[in-house]
**Q** 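Questions regarding the structure given below will be posed in turn.
No hydrogens, no waters, no symmetry mates; every other heavy atom, side chains included, goes into these values.
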Amino acid sequence: MQNLPLKGKIALVTGASRGIGRAIAIALGQAGADVIVTDLLIENEEIPHHDLENYSALSAYFAEKKQINTLATCEFIRKSGVRSMGLKMDVTKEDDIVSRIDDVSKSFGHIDILVNNAAVMDGLGLLEKQTTRTFERDLKVNLTGAFLCSRAVWPTMKATGWGRIINISSFTADSGAFAQPGYCASKAGMLGLTKTLALEGARYGITVNAVLPGFIATEAVNLYSEDMKERICNRNPMKRMGTPEEVAATAVFLASHQAGYINGASIPVTGGMELLVF
Ligand SMILES: NC(=O)c1ccc[n+]([C@@H]2O[C@H](COP(=O)([O-])OP(=O)(O)OC[C@H]3O[C@@H](n4cnc5c(N)ncnc54)[C@H](O)[C@@H]3O)[C@@H](O)[C@H]2O)c1
């Protein structure tokens, strides 16, 4: 018999056009869930270039290369025999989130699983060079975005008495990362948000957990120089980066009934890179 632990569940993933978000959306579909694939970027949607640069250099890069796979990911997910819908949803825009979740509720009924994955991670700059605008942008997308999306799905999860929120944080929430003050502060903030919502959600059957990926070979990380990628692999006990699918497998487990007593946890998927390596 096919093992479909999420059959009948409805999941929404943010920032799922590529990378880890895309892998999570696909894995949730393969586990039997209907999946709403959302992203700032969606095929056939012209966004003025200067606007994209306001969001992030990475967004501008992938839009320019036409490497946008929001609707294509839905098509792929549907091959697993589940329903899937692609939506343009900017996690910094409260109105956008509320109206999209409303659209989903009308078509699918309710949302059982939310994966807060959307993020910007190109705000590099030593403290004195870091602009207030970039610092605030990192918090707005990575942290406030997760807060707004969680708040928007909360009533439907409460009403059904079951819910899973999975926040994709980062190992840098614990370790910090050179020249990434906004990114690391946002990812550490996600852990506080995770624990607080975990406390609040427990009485309604909602669990909230965080996943802390290490270096994962996504399209964005593959843009690093060869030298940088080699250094990253060398300091990992496993001598390699992780795959998006390895992060996705953890998210699927956290979304399942089997993970029902895991709440407020921060789970590293790092290959042990935080351990002492000689
Ligand atoms: N790849 C890694 O090594 C790594 C390590 C630790 C944590 N993470 C975390 O994993 C997640 C995914 O990483 P990735 O490597 O796939 O990144 P990525 O940049 O490839 O993907 C991020 C996605 O978020 C979307 N996005 C950006 N701004 C948005 C907005 N305002 N609204 C909606 N969507 C928006 C982008 O369009 C993109 O599809 C992020 O939260 C990241 O911080 C990644």
Side-chain angles (χ1 to χ4, degrees), residues 3 5 13-16 18-28 30-31 58 113 115-124 138 142-143 146 164-195 197-198 207-256 258-278:
N3 180 20
V13 187
T14 68
R18 59 173 191 261
I20 292 173
R22 179 169 191 271
I24 292 174
I26 291 171
L28 289 168
Q30 287 168 344
L58 271 178
I113 301 160
V115 182
N116 286 312
N117 166 81
V120 282
M121 44 187 199
D122 54 5
L124 295 180
D138 288 359
N142 305 358
L143 180 56
R164 297 279 190 265
I165 296 181
I166 298 153
N167 291 325
I168 307 302
S169 173
S170 165
F171 72 98
T172 61
D174 285 334
S175 68
F178 203 73
Q180 286 190 282
Y183 181 76
C184 294
S186 71
K187 293 297 179 178
M190 271 184 126
L191 302 188
L193 181 69
T194 299
K195 288 172 187 159
L197 299 191
T207 66
V208 186
N209 292 291
V211 177
L212 280 61
F215 282 102
I216 307 299
T218 60
E219 295 92 321
V221 168
N222 281 332
L223 295 173
Y224 293 178
S225 70
E226 289 307 315
D227 178 54
M228 170 103 164
K229 287 191 266 189
E230 200 180 319
R231 276 187 286 136
I232 288 168
C233 293
N234 279 340
R235 67 151 294 174
N236 191 298
M238 292 196 171
K239 302 296 175 207
R240 67 169 178 91
M241 291 198 211
T243 65
E245 291 72 23
E246 285 169 325
V247 181
T250 308
V252 168
F253 171 65
L254 287 173
S256 70
Q258 285 88 338
Y261 203 56
I262 302 177
N263 195 24
S266 302
I267 302 189
V269 184
T270 61
M273 72 167 288
E274 61 278 28
L275 306 173
L276 182 62
V277 178
F278 280 100

**Q** What's the spacing between Met228 CE and Phe215 CZ if we round to 0.5 Å?
**A**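 It is 5.5 Å, given to the nearest 0.5 Å.
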**Q** Can you check whether Ile26 reaches Glu245 side chain to side chain, under 4.5 Å on heavy atoms?
**A**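 No - every pair of side-chain heavy atoms lies 4.5 Å or more apart.
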**Q** Please report the shortest heavy-atom distance between Gly176 and Cys184, naming the atom on each side.
**A**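 Gly176 and Cys184 have their closest heavy atoms at C-SG, 3.7 Å.
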**Q** Counting N and O atoms only, with roles assigned by atom type, does the side chain of Thr14 sit under 3.5 Å from a partner on the main chain of Ala118, one being a donor and the other an acceptor?
**A**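 Checked: pair present.
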**Q** Is the closest side-chain heavy-atom distance between Glu274 and Phe171 below 4.5 Å?
**A**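 No. Closest side-chain heavy atoms not under 4.5 Å.
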**Q** To the nearest 0.5 angstrom, please state how far the OG1 atom of Thr194 sits from the CG atom of Asn263.
**A**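 Thr194 atom OG1 to Asn263 atom CG measures 10.0 Å (nearest 0.5 Å).
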**Q** Between Asp138 (side chain only) and Met121 (backbone N and O only), is there a donor and an acceptor less than 3.5 Å apart?
**A**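 No: the side chain of Asp138 does not pair with the backbone of Met121.
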**Q** Minimum heavy-atom separation for Ile232 to Met241, with atom names?
**A**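 What the structure gives for the nearest pair is CG2-CG, 4.2 Å.
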**Q** Can you tell me how far apart OG (Ser256) and CZ (Arg164) are? Round to the nearest 0.5 Å.
**A**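 So the OG of Ser256 and the CZ of Arg164 are separated by 6.5 Å.
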**Q** State, with a plain yes or no, whether a side-chain heavy atom of Ile168 is found less than 4.5 Å away from one of Pro213.
**A**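 They are in contact (side-chain heavy atoms under 4.5 Å apart), so the answer is yes.
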**Q** Return yes if some donor-acceptor pair links the side-chain N/O of Asn117 with the main-chain N/O of Gly15 below 3.5 Å, else return no.
**A**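 Judged by distance alone, yes, a pair lies under 3.5 Å.
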**Q** Can you check whether Leu254 reaches Thr207 side chain to side chain, under 4.5 Å on heavy atoms?
**A**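 They are not in side-chain contact.
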**Q** My understanding is that only one of Ile24, Ile166, Val269 makes a side-chain contact (heavy atoms from CB on, under 4.5 Å) with Thr250; could you say which?
**A**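 It is Val269; the other options fail the test.
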**Q** What pair of heavy atoms forms the shortest contact from Ala25 to Ala16, and how long is it?
**A**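 Heavy atoms of Ala25 and Ala16 come nearest at CB-CB, 4.3 Å.
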**Q** Say whether, by atom type as modelled, one donor and one acceptor occur between the side chain of Lys239 and the main chain of Asn234 under 3.5 angstrom.
**A**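 Here the side-chain-to-backbone pair exists.
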**Q** Minimum heavy-atom separation for Pro181 to Ala179, with atom names?
**A**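 Pro181 and Ala179 have their closest heavy atoms at CD-C, 3.3 Å.
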**Q** Any heavy-atom pair between the side chains of Asn142 and Lys187 that's under 4.5 Å?
**A**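 Side-chain contact under 4.5 Å: yes.
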**Q** Decide side chain to side chain contact (heavy atoms under 4.5 Å, CB included) for Leu212 and Leu191; before the verdict, give the C-alpha distance in whole Å, the side-chain angles of both, and the deciding distance to 0.1 Å.
**A** CA-CA 10 Å; Leu212 280 61; Leu191 302 188; 3.9 Å; yes
**Q** Let me know which of Ser175, Ser170, Ser169 forms a side chain to side chain donor-acceptor pair (under 3.5 Å) with Thr172.
**A**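 Passing option: Ser170.
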**Q** Any heavy-atom pair between the side chains of Leu28 and Val115 that's under 4.5 Å?
**A**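 Side-chain contact under 4.5 Å: yes.
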**Q** Let me confirm one number: the CD-CD1 distance from Glu246 to Ile20, rounded to the nearest 0.5 Å.
**A**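 Between atom CD of Glu246 and atom CD1 of Ile20 there are 11.0 Å.
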**Q** Which atoms form the tightest heavy-atom contact between Asn167 and Met190, and what is the distance?
**A**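 Closest approach of Asn167 to Met190: CB-CE, 3.9 Å.
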**Q** Counting distance only, does the side-chain N/O of Asp122 pair as donor-acceptor with the main-chain N or O of Leu58 below 3.5 Å?
**A**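 The answer is yes, because a donor-acceptor pair under 3.5 Å joins these two groups.
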**Q** Shortest non-hydrogen contact from Asn209 to Ile262?
**A**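 So the minimum-distance heavy-atom pair works out to ND2-O, 2.9 Å.
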